[in-house]
Protein chains: 2
Amino acid sequence: MASPTPAETGTASAGPDGKGAEAKGSGGSGRFDGIGLVAEPVFLMARAASLGSADANRALAGLGLKVRGYSALAVVCSGRKPTQRELSEFLVMLPSRVVAILDELERRGLVQRTADPRDRRSNVIVPTEAGLELYARAKEAVDAATEESLGDLTPKERQELARLLTKAAF
Amino acid sequence: MASPTPAETGTASAGPDGKGAEAKGSGGSGRFDGIGLVAEPVFLMARAASLGSADANRALAGLGLKVRGYSALAVVCSGRKPTQRELSEFLVMLPSRVVAILDELERRGLVQRTADPRDRRSNVIVPTEAGLELYARAKEAVDAATEESLGDLTPKERQELARLLTKAAF
DNA sequence: TATTGTTATACTCTATAACTATA
DNA sequence: TATAGTTATAGAGTATAACAATA
């Protein structure tokens, strides 16, 4: 059981099996009952995030994106015109990592660094047409992956999960 | 706002600010409203897990543990006598990573690799007295950190969050 | 033949500290 | 004096492939 092959998981997460092979749908932790850890939010969030990111990375692989690049592109495509500092805070990424992510997105012609008229130290990041188009397709891919990885939750449960995670994440 | 100093975050997570400095308690995403990404579970789980792990790592630092080592110790101390393969699957860690984690825990005298009478290829991992004692203290530290990072959620909401995350994580 | 644990290796991400140009 | 972006570098974590012992 459970293929020990990590698969092309991209990077930002993943682990030994692309998808939990234990007791999905049993309503509990399946064959891992009795381990106190399964009741701890820190562990549950880490595991869910790891598996979810792996799924999303697989879904994004065909578009040449991974979760972090996709997330940055999503903020840039929101119309908010973020600076790199804002991206750093929102995505919980170090400024130096933002540089690398944007270098790649800019090299591919998906975003542009533009001058901030109010502070010449800052870069305002805006999407290109190609960036907006790729983002639209990427979002579909991520949504489809989410649909699959949260397949056990009802729409109402998903909405509640998102609400609670928002309180935990901000 | 928001100290750009990452602080001694351990490793398994972290980012630019140890704790969200935006609009905690506003019931929403604060100054990040209008970014579609904040509604996506993959992003929310990654952000919550990142901040939560950073908090937990800070809480565990004084005990010489980080989230992954703590998690492995927790499973070993559950009385389940896991093999390394089982730890790999449960913790979503590659077998080679489990080797490194256990090498460290064993070197510190917290766990022991013992022979599996039913399969001489496997190691059955058991805790030492010192391991059980350290785990008890570590669990308290993690629980306290969780108490703080989920401080905005009512007990009922935390319970519901744990239930939904369990469905998502297994 | 397949699996467990192990080692080795390459790559990515995280963390820190410096540097520049602005403010 | 402080901040935004950049670069460089050290340290963890992730992903693969191979191997010995065992099944």
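Computed over heavy atoms, backbone and side chain alike; hydrogens, waters and symmetry mates excluded. Order of the sequence lines fixes the chain letters, A, B, ..., with proteins taken first and strands second; residue numbering starts at 1 for each chain.
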Checklist entry - Any side-chain N or O of B/R68 under 4.0 Å from OP1/OP2 of D/dT14? => result yes
Next on the checklist: Rounded to whole Å, please give me the gap between CG in A/L102 and P in D/dT7.
Outcome noted: 12 Å
Item to check | For atom CE of B/M93 and atom C1' of C/dT6, their distance in whole Å | outcome: 15 Å
Checklist entry - Across the strands shown, which category fits A/R97 at heavy-atom distances under 4.0 angstrom: base, sugar-phosphate, nothing? => result base
Checklist entry - Does the salt bridge (charged side-chain N to carboxylate O under 4.0 Å, His left out) test come out yes or no for B/K139 and B/D143, once each step is laid out? => result CA-CA 6 Å; B/K139 177 156 176 28; B/D143 286 348; 2.9 Å; yes
Item to check | Residue B/R121, side-chain heavy atoms: nucleotide from D/dG13, C/dG5, C/dT3 that is nearest | outcome: C/dT3
Checklist entry - Out of C/dT12, D/dT14, C/dG5, which nucleotide sits closest to the side chain of B/T83? => result C/dG5
Item to check | Side-chain H-bond candidate by donor/acceptor type, B/Y70 with A/E40, under 3.5 Å | outcome: yes
Checklist entry - Is a side-chain donor or acceptor of A/S78 paired with a backbone partner of A/V75 at a separation under 3.5 angstrom? => result yes
Checklist entry - Rounded to the Å, how far apart are A/L94 CG and D/dT7 C1'? => result 14 Å
Checklist entry - Considering heavy-atom distances to DNA chain D, does B/D119 or A/S96 have its closest nucleotide positioned more toward the 5' end? => result A/S96
Item to check | Worked verdict on A/R163 versus B/E157 for salt bridge (charged side-chain N to carboxylate O under 4.0 Å, His left out) | outcome: CA-CA 10 Å; A/R163 187 184 74 81; B/E157 284 178 326; 2.9 Å; yes
Checklist outcome for this item: On DNA chain D, more 5' by nearest nucleotide between B/R120 and A/D103 is A/D103
